[in-house]
Amino acid sequence: MEAVAGGRDALCVMPTGYGKSGIYQVPALTLPGVAVVVSPLIALQRDQADAINEAAGRGRAWVLNSTQAQGAIDEAWAAAQNPDEAVRAKFLFLAPEQLAREDVSERLAALDVSLLVIDEAHCVSSWGHDFRPDYLQLGTLVQALGRPVLALTATAAPPVRSEIITSLNLRDPLVLAHGFDRPNLHLAVQMHVSADDKHRAVLESVPELPGPGLLYVATRRETEEYAAGLEERGLRAESYHSSRRARDRGEVHRKFLDDDVDVVAATSAFGMGIDKPNVRFVVHAAIPDSIDSYYQEIGRGGRDGKPAHAVLHYRPEDLGLRRFFASKTPDADGLAQLLAVLRARDGGATAAELRADLGVSSRKLGGLLNLLRESGAVTEDSGVYRAGTMGPEDAVDAAVAFAQRREHIDQSRVDMARQYAETTGCRREFLLGYFGEQLGAPCGNCDNCEKAAAQADTAPEPVEEQGPRPFPLQSPVAHREWGPGMVMSYDDGTVTVLFESEGYKTLSVDLVLEKDLLKPAGAGTENSAE
DNA sequence: CGTATCACGGATAGCCGTGATACGGTGCGCTATT
C-alpha cells in the first residue's frame, strides 16, 4: 500500500484471502482520481464493484462492459469525470478487451487516473499469447497512461513474474511474492494403466473423502459423466464448464459456496475468484497443462488451514490432450497477408484499419499482430502499427520461429507436470522448487514421504543425501546448444533448467558435471557468440 | 496425442477387429433471434 500510494509500480503474488484487494482499494480511496482495475471476468468485476459500493457508498465503483446498456455506460463515465471528489467514481472495472477499444482508451487518457490495477495478472502470460490477445496490449496502455501500476495474482512462478513485469512495462517494481507453501494440503498421485480403471478409481475414491470438494476433469463431457457417476454413489454433485448456461453456472457457484453440493465436477473454467475456506479436497481426474495450473487449482483446497487432500489421478496418455492444446501452428499465410497490407500503408495503420482491410476477426488479427510485434517484425506506437525493416519473407519466418519457440516452452511446461506426477521424491519440495522456493527437508505430508517413512520402519533410516548442486538455484547458466537459462530446481540427482528458447529441461547432475554441459553465466548474456 | 464413434467386413458369437474421422479448454464483444 505504501509503495502504491507513493506512486511506485508493484507486483504482488499472494494467495487468495491474503487481502490483495485491500492493497489497491485503500490507496485508491485516498489518492485523487479514479483507479482503473483490469480484471478478466465480468462476473468477478461485478462482485468486486458491489463489495466496494456496499462498504464505501453507492456510486464509487462502476463496471464497463458489453453487457451493459448505453445509459449505464454513460452514467459510469459521467461519475468518473465528475469534478466533485466527494461523489466521484473511485473505481472503474474493465476487461482488457474494453481497453483495446479506441473510444475507451481516448476517454481514459482524458481521465484523472490515480492508479492502474491489473488483477489476475498471470493472465497476461497464460492468455495473452493466443486466447485473449488484448492482454498483451496492456503494456501499451500502461505506457500511454503513465500512471503507477499494481499487478496482482495468486500464482506466478519466477518466469511468469518476469513476463508480467516485461509485458506490462513495469518500472522498477516492488515485487512481493508471499509464501507458496500450503502445508495442510496432503499431496498424492495415483497411477492408472487403463482409462476404465482410472474412471472407476475416481468414482470410488471421491465419496470416501470428506467434502465438500472439487473434481477437475479434462473435457466438458467428462464433467457430466463424473457428476452423474458420483450422484449414483449418493453424493450431491454438479457439473461445471464454459458452455453451460450462465444461470446454471451461477447456480453451481451459489450451491458450492453455500455447501448445498458435495462435489463440483468441472473443467478449468471453475474457480477463478472463488474464495471458499472449507474445500476439503481437490481431485484431478486428468493432469493439467502445467504445474502453474495444477498449483492454482489445488490451492482452492484447505484455505481455512485445516487438512485437505490434493489427489492427482494420472495416466501418461492424458498428457496427449495437453500436448495437443500446447501445439499451435502459426498461420503463415495470414501473417504474410497482414504484412503485405501493412507495408502498403506508408504511415502505418491502426488495428481497426487493418481489420477493415483484411476482413478478419479482431481476435484473429490480435493474435497475428502480437506474434509479429513480439518477433520484432512489426512495431507499435500509440496504437499505430508499422512494418519493420525486415523483408516480408524474413518477417514471416521470424514470426513462425517465434511461435515455435513458444510452443517449445509450452510443451516443456507439460513435461514439468509429467515430472510432478512421476517423481519419487517429496512432492511439496518439487512444487515449491518450481515456484522458486526451497523447503529444505521432505514435507512428511505427501504420498512419497509416507512411503519413505513406511520403508524406514522396516529398514534402517537412510542417510538423507542431497547430492551435488553445482549451480545455485535461480542462477543463470548457459548450455552449448540451448543457450542461456536459469536453474530452477534439483530433484533426485537431476537439475531442471528453464532455457529462454527451449523451455524446461531436466538433466542428470552427474552428466552435467562429467560432460561439462552447463557453464555459469552472468546476467544478461542473451547475445552470446554461440 | 488419445479416444469415442461409426461403418464395414468377416465371422457364424449373439460380435469382434480394423480403419476412417471427428473432437477436445479457458472469455470477451458483437449480432441475430426470441
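Worth knowing before you read on, the calculation uses all heavy atoms, side chains too, and leaves out hydrogens, waters and symmetry mates. Order of the sequence lines fixes the chain letters, A, B, ..., with proteins taken first and strands second; residue numbering starts at 1 for each chain.
Here, B/dT12 and B/dG17 have their P atoms 13 Å apart, quoted to the whole Å. Between the C1' atoms of B/dA4 and B/dT26, the separation comes to 23 Å (whole Å).
Residue A/Pro96 is classed as having no contact, given no heavy-atom separation below 4.0 Å to the nucleic acid. Residue-level contact check: A/Asp318 touches neither bases nor backbone, having no heavy atom under 4.0 Å from any strand. Within 4.0 Å (heavy atoms only), A/Arg322 reaches no atom of the nucleic acid at all. Across all strands, A/Leu321 comes closer than 4.0 Å to base atoms (heavy-atom distances). Within the 4.0 angstrom heavy-atom criterion, no nucleotide atom of any strand lies near A/Leu319.
Between A/Phe180 and A/Ala156, the shortest heavy-atom contact is CZ-O, 3.8 Å.
Heavy-atom distances to DNA chain B give each of A/Thr267 and A/Arg221 a nearest nucleotide, and the one nearer the 5′ end belongs to A/Arg221. Both A/Asp196 and A/Arg132 lie near DNA chain B, and the one whose nearest nucleotide falls closer to the 5' end is A/Asp196.
Aromatic stacking of A/Phe131 on B/dT26: satisfied, with centres closer than 5.5 Å and planes within an angle under 30 degrees. Stacking annotation: A/Phe324 is not stacked on the base of B/dG2 (requires ring centroids less than 5.5 angstrom apart and an interplanar angle below 30 degrees).
In this structure B/dG14 sits in no base pair that meets the Watson-Crick or G-U test at under 3.5 Å. Across all strands shown, the partner of B/dA20 is B/dT5, judged by Watson-Crick or G-U wobble contacts whose two distances both fall under 3.5 Å. Nucleotide B/dT33: unpaired (no Watson-Crick or G-U wobble partner with both distances less than 3.5 Å).
In summary, the side chains of A/Glu422 and A/Tyr314 do present a donor paired with an acceptor at a separation below 3.5 Å, with no hydrogens or angles considered.
Classification of the A/Phe435-A/Tyr295 ring pair by plane angle, with boundaries at 30° and 60°, yields tilted.
Cation-pi contact between A/Arg46 and A/Phe93: absent, since separation from the ring centre below 6.0 Å together with deviation from the ring axis within 45° is not met.
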